[in-house]
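These notes concern the structure reproduced below.
Residue numbers begin at 1 in each chain, while the letters A, B, ... track the order of the sequences. What you see is a predicted model; the values in this text were computed from it and never measured.
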There are 2 protein chains.
Amino acid sequence: MDGADTARRRPTITDVARLAGVSTQTVSRYLRFNGGLKPATLERVEKAIRELDYRPNLVARSMRTRKTGRLAILMPAMAFNPSRMLAGAGATAQDAGFFVDVVSAGGGVRARSDRLLELADSGQYEGILSLAPVLPAVESKLHQRTAVVISADFDDEMRGIGQLADATPLMRMIEHLAALGHSRFLHVAGDAQFASARARKQSYLETVERLGVESVGVFDGDWSGESGIEAIRSLPSRARPTAVIAANDLVAAGVVRGARERGWDVPGDLSVTGWDNAGVGQFMTPSLTTVDVELEQLGSTAMAKLIAGLRDSAPEMAEGSLFRIVWRESTAEPPAAGRLSRGR
Amino acid sequence: MDGADTARRRPTITDVARLAGVSTQTVSRYLRFNGGLKPATLERVEKAIRELDYRPNLVARSMRTRKTGRLAILMPAMAFNPSRMLAGAGATAQDAGFFVDVVSAGGGVRARSDRLLELADSGQYEGILSLAPVLPAVESKLHQRTAVVISADFDDEMRGIGQLADATPLMRMIEHLAALGHSRFLHVAGDAQFASARARKQSYLETVERLGVESVGVFDGDWSGESGIEAIRSLPSRARPTAVIAANDLVAAGVVRGARERGWDVPGDLSVTGWDNAGVGQFMTPSLTTVDVELEQLGSTAMAKLIAGLRDSAPEMAEGSLFRIVWRESTAEPPAAGRLSRGR
DNA sequence: ACGTAAAAAGGGATCGTTCACTATGGTCCT
DNA sequence: AGGACCATAGTGAACGATCCCTTTTTACGT
């Protein structure tokens, strides 16, 4: 996984000083507070920094200043959702002798990408694992530096681990429903920015095609409950599916709600499946059929890949499926012909 | 907020070497691989380390080895729940010039406490913000070292920020329900390990007392949906509340489910409130009345407190409430006398 | 033109560790 | 006995930045 790419040494403050024709102390002064420099000197320093694309080595700085500028947040590994994945990743990394810091990056893809670059350049990390999509352009900028990046749900052009995006359980669910007699399906997709959303959509289309069952179409949603409702609302009443494959549980909940709005009974008239096994789904009425994902395992595997990449060794892959379909009340046999609730 | 407590300098490898009567290199050798030392020397070094309670300075080590042993995980600030709080905390810290690393700590209180100590002693952090409960004993062990700890939901004996534990919205909800005519309440509490759970329970008891309404009791749960179901199941049929105040949305969903099991209609026979405004609650039937919490704000405030503590200045407190009650379908007027569903 | 003070820039030490060598002393072999 | 070799321990120099202090340059008033 690359890694043998540390071509140029990182420029240091000395390099900058030499290029600018000043002492390191002057450069240091520039870096810490933009004052006390003659305009001419200042410009020379700035130019040198720009030219070398220099960034201070934060480790060396902390060493001298005895300040790290870092705070740690201990995350509860409680019922919270994403922490399950983090917990897995963290454990694996710790076993391998690494500290794991989870840096949260707010904002959109753009902001996240910038943050990623910033982190990579800070020299404080040997590897970065991104669990969120990042702009493809990031990779090229990254290559010259050391940090290795792997992601669980990256853009296709990047090295994705692919497991999160594995959508075979969705295939199985459709097969099972088709075996029960369902013949008209609808898919409400997640945000296409996510590889997992695209994979599920893709898998849906292929499976429907392969089984020769009818598809009412795909509604392009955004993981939100609203998109689930909207998908049902926007359905012309003649094209009424008997089963909806939702991108996740939240969407599925929206779908159920939307169906109820139109007077359709779930699962009497319509079967609905979700994805994630969100805690609440089990207690809804009807309880939600969903896919339980071994998030810890997933996080752990992703981390193992990253570490293997750093060490130029092959990762140990976990065997066995990371997914488990949980059949609950929201799925059942399709309504017998003519026994549909009227609805709208 | 302490901080002026850096009495002793941290012992260095030189101190250890001097005390053991060997060179620093020998100590270093001991630290990196326990070999190549004569048993006698080894013991002297070990004794010195123990005596000084020495721990290697990881910053200096990274500086020399050019390895940080750290990995970063970029967390998606997406629909995930806890990341909202992290996002707020992270933004505030970044504004103040700090890097924020979110370290996830799995396991129980015990493991988390150990991890906290480890982090504090690593010397890599200036402050630590724990969002999860930690053993009270930790505080005393911490005092001698530099790291400042504040938590949003600590044990009472520690400096909690109190805001997460603020349960006034719960009071408001009870008042409102009482005004609607409800007179028999039940509370399903969360894990008593959490200050927020205790605060809600406390607040429930006080409010019920103050308003002079009847309380069927408090069921001590653990934040889980099962505990919600169990609370309803275990209710003798003569002591039937008209409103249940659940510790969070998951519990509330369990309560709704349990009520349905017994043939009680929600909200016809029983009103139910949750807490958290979990995404799915809005799409359940009935949709869940809940308390929406400004998690970003909360995280941000907690972080501001921590930073203020580090700088010995007063934190800027956010004004305005961080809570908003969201009334939805799961709450309504109590059933008119004699118009209860039969149920069991 | 000169002295003086302030501004600007530089020199060298230093933070705590590890690395690449070197210096011991002892053991074993020829 | 002499040397090769190993195990053990020590020396000095980095790593890259900042800090304290000194030196040089500039500005300014007389």
Restricting both atoms to N or O, compile the protein contacts to nucleotides 23-25 of chain C shorter than 3.5 Å, with distance only.
none

>> Ignoring hydrogens, what is the shortest heavy-atom contact between B:Pro11 and B:Leu52? Give both atom names and the distance.
In response: CG-O, 3.5 Å
>> Counting the atoms with a prime plus P, OP1 and OP2 as sugar-phosphate, which does A:Ser62 contact under 4.0 Å by heavy atoms, base, sugar-phosphate, or nothing?
In response: nothing
> Where do A:Lys47 and A:Glu43 land on the salt bridge (charged side-chain N to carboxylate O under 4.0 Å, His left out) test, with the steps shown first?
Replying inline: CA-CA 6 Å; A:Lys47 178 148 171 291; A:Glu43 193 163 333; over 6 Å; no
> Looking only at heavy atoms, which two atoms of B:Ser300 and B:Thr92 are closest? And how far apart?
Replying inline: OG-OG1, 2.7 Å
> What distance separates A:Tyr54 OH from A:Thr12 OG1, expressed to the nearest 0.5 Å?
Replying inline: 7.0 Å
> For A:Thr24, what residues pass the side chain to side chain donor-acceptor pair (under 3.5 Å) criterion, not counting sequence neighbours?
Replying inline: none
>> Quick check on the helix from C:dA1-D:dT30 to C:dT30-D:dA1: what's the angle between its two end axes, five base pairs per end, to the nearest 10°?
In response: 50°
>> I need a per-nucleotide contact map over nucleotides 10-19 of chain C, read 5' to 3'. Cutoff is protein heavy atoms under 4.0 Å; write B for the base, S for backbone only, - otherwise.
In response: BB-BBBBBBB
>> Can you confirm whether B:Tyr30 sits close enough to B:Thr41 that some side-chain heavy atom of one is under 4.5 Å from a side-chain heavy atom of the other?
In response: no
> Can you name the side chain to side chain donor-acceptor pair (under 3.5 Å) partners of A:Ser62, sequence neighbours left out?
Replying inline: none
> Can you tell if the side chain of B:Arg32 reaches within under 4.5 Å of the side chain of B:Arg61, non-hydrogen atoms only?
Replying inline: yes
> What are the two closest non-hydrogen atoms of A:Ala20 and A:Ala48, and how far apart are they?
Replying inline: CB-CB, 3.9 Å
> Under a criterion of less than 4.0 angstrom to any heavy atom of chain A, what are the 5'-terminal and 3'-terminal contacting nucleotides of DNA chain D?
Replying inline: D:dG16 to D:dT26
> Looking only at heavy atoms, what is the nearest atom pair of B:Val45 and B:Val16, with distance?
Replying inline: O-CG1, 4.4 Å
> Looking at A:Val22 and A:Arg44, what are the two nearest heavy atoms and their distance?
Replying inline: CG1-NH2, 3.6 Å
>> To the closest 0.5 Å, what do you measure between CZ (B:Arg64) and OG (B:Ser28)?
In response: 10.0 Å
